[in-house]
Participant: 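Just passing along the structure, written as structure tokens.
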Amino acid sequence: MNAGDAVREVAATIPRGRVVPYGAIGRRIGVGPRQVGRVRGLLGDGVPWWRVVRADGTPASCHEGRVPGLLRGEGVPMAGARVDLGRGRHRWAG
DNA sequence: TGCTTGACTTACG
DNA sequence: CCGTAAGCCAAGC
């Protein structure tokens, strides 16, 4: 199983209203957090990357600028333009 | 078949 | 807040 497919599968499994840090996906499949971000750039689209945010809650998806709106529309607590990681339990543990 | 480049996140001060 | 350093994977020729 390639890290690319693994990352894409995990990211595509993220339920609506929940976000996951790159490090969590990387740990889940056994790769570094950078590989997850690398795959995101390779696939570009076809995966809800907007639900994948940085460890700080900053959206790093290619949908930058619309991520806060998308997450907010799904019910994710937003701290300004960043996901409020200190508010509810919106972190999807997989 | 083998090698190189590019892209991306995380941690610390 | 910003900058720096480190490492890993994939694709192409």
Side-chain angles (χ1 to χ4, degrees):
Chain A
M1 165 124 41
N2 293 351
D5 280 349
V7 173
R8 183 171 62 150
E9 202 176 332
V10 174
T13 307
I14 301 170
R16 157 174 148 357
R18 219 119 314 206
V19 296
V20 189
Y22 285 85
I25 298 175
R27 274 155 72 102
R28 197 149 155 62
I29 62 179
V31 302
R34 305 164 197 99
Q35 274 66 282
V36 181
R38 193 186 63 72
V39 174
R40 168 181 72 73
L42 290 173
L43 300 176
D45 261 336
V47 181
W49 295 119
W50 63 84
R51 292 190 242 206
V52 184
V53 298
R54 291 204 193 191
D56 307 342
T58 308
S61 297
C62 31
H63 307 75
E64 198 183 334
R66 307 206 151 129
V67 175
L70 289 162
L71 295 175
R72 197 197 252 310
E74 297 190 347
V76 178
M78 303 292 300
R82 190 161 1 190
V83 179
D84 197 341
L85 298 175
R87 271 296 195 187
R89 188 144 34 267
H90 39 311
R91 198 148 66 100
W92 182 63

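Residue numbering restarts at 1 for every chain, and letters A, B, ... go by the order of the sequence lines.
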Participant: Does some side-chain heavy atom of Val20(A) sit less than 4.5 Å from a side-chain heavy atom of Arg51(A)?
Facilitator: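 SC-SC contact between Arg51(A) and Val20(A) ruled out.
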Participant: N/O contacts under 3.5 Å, protein versus nucleotides 9-13 of chain C?
Facilitator:
residue: dC9(C); atom: O2; partner: Arg38(A); partner atom: NE; Å: 2.9
residue: dA10(C); atom: OP1; partner: Ala3(A); partner atom: N; Å: 3.4
residue: dA10(C); atom: O4'; partner: Arg38(A); partner atom: NH1; Å: 2.8
residue: dA10(C); atom: O4'; partner: Arg38(A); partner atom: NH2; Å: 2.7

Participant: Does a side-chain heavy-atom distance below 4.5 Å link Val19(A) with Ile14(A)?
Facilitator: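 Contact flag for Val19(A)/Ile14(A) side chains = no.
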Participant: Could you check whether any side-chain N or O of Arg40(A) sits under 3.5 Å from a backbone N or O of Ala60(A), counting only pairs where one atom can act as donor and the other as acceptor?
Facilitator: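 Pair found, side chain donor or acceptor close to backbone of Ala60(A).
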Participant: Is Val10(A) linked to Val83(A) within one hydrophobic cluster, defined over Ile, Leu, Val, Met, Phe, Trp and Tyr using a side-chain heavy-atom separation of less than 4.5 Å?
Facilitator: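 Result: no, two separate clusters.
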Participant: Restricting to pairs with a member in residues 67-94 of chain A, which pass ring-ring contact (aromatic ring centres under 6.0 Å, His included), not counting sequence neighbours?
Facilitator: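 ring-ring contact (aromatic ring centres under 6.0 Å, His included) check on residues 67-94 of chain A returns no pairs.
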Participant: Hey, could you give me each pair passing side chain to side chain donor-acceptor pair (under 3.5 Å) that has a residue in residues 65-85 of chain A? Not counting sequence neighbours.
Facilitator: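 Non-adjacent pairs meeting side chain to side chain donor-acceptor pair (under 3.5 Å): Trp50(A)-Glu74(A), Asp84(A)-Arg87(A).
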Participant: How close do Ala12(A) and Pro48(A) get, heavy atom to heavy atom, and via which atoms?
Facilitator: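 Scanning both residues completely, I find the closest heavy atoms to be CA-CD, 3.9 Å.
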Participant: For residues 17-28 of chain A, pull every pair meeting salt bridge (Lys or Arg N to Asp or Glu O under 4.0 Å), keeping only residues two or more places apart or in separate chains.
Facilitator: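 Applying salt bridge (Lys or Arg N to Asp or Glu O under 4.0 Å) to every pair that reaches into residues 17-28 of chain A, excluding sequence neighbours, yields nothing.
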Participant: Please collect all ring-ring contact (aromatic ring centres under 6.0 Å, His included) contacts where either partner lies in residues 11-44 of chain A, sequence neighbours excluded, each pair once.
Facilitator: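 Listed once each, the pairs would be none.
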Participant: Given the rule that a pair is Watson-Crick or G-U wobble with both distances under 3.5 Å, how would you write DNA chain C in dot-bracket, using | for pairs to a different strand?
Facilitator: .||||||.|||||
Participant: Mind checking what makes side-chain contact (heavy atoms from CB on, under 4.5 Å) contact with Ala3(A), not counting sequence neighbours?
Facilitator: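 So Ala3(A) forms a side-chain contact (heavy atoms from CB on, under 4.5 Å) with Val31(A).
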Participant: Enumerate the residues from residues 10-26 of chain A whose closest heavy atom to DNA chain B is under 4.0 Å, giving them by residue number; use none for an empty result.
Facilitator: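 Result for residues 10-26 of chain A: Tyr22(A), Gly23(A), sorted by number.
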Participant: Give me the first and last nucleotide of DNA chain B, going 5' to 3', that has any atom under 4.0 Å from a heavy atom of chain A.
Facilitator: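 The contact span of chain A on DNA chain B goes from dG6(B) to dT10(B).
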Participant: With ring-ring contact (aromatic ring centres under 6.0 Å, His included) as the rule and sequence neighbours excluded, what pairs involving residues 70-89 of chain A come up?
Facilitator: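 Qualifying pairs, neighbours excluded: none.
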Participant: Please check this pair: side chain of Thr58(A) against backbone of Arg54(A), looking for a donor-acceptor N/O pair closer than 3.5 Å.
Facilitator: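 No; zero donor-acceptor contacts below 3.5 Å.
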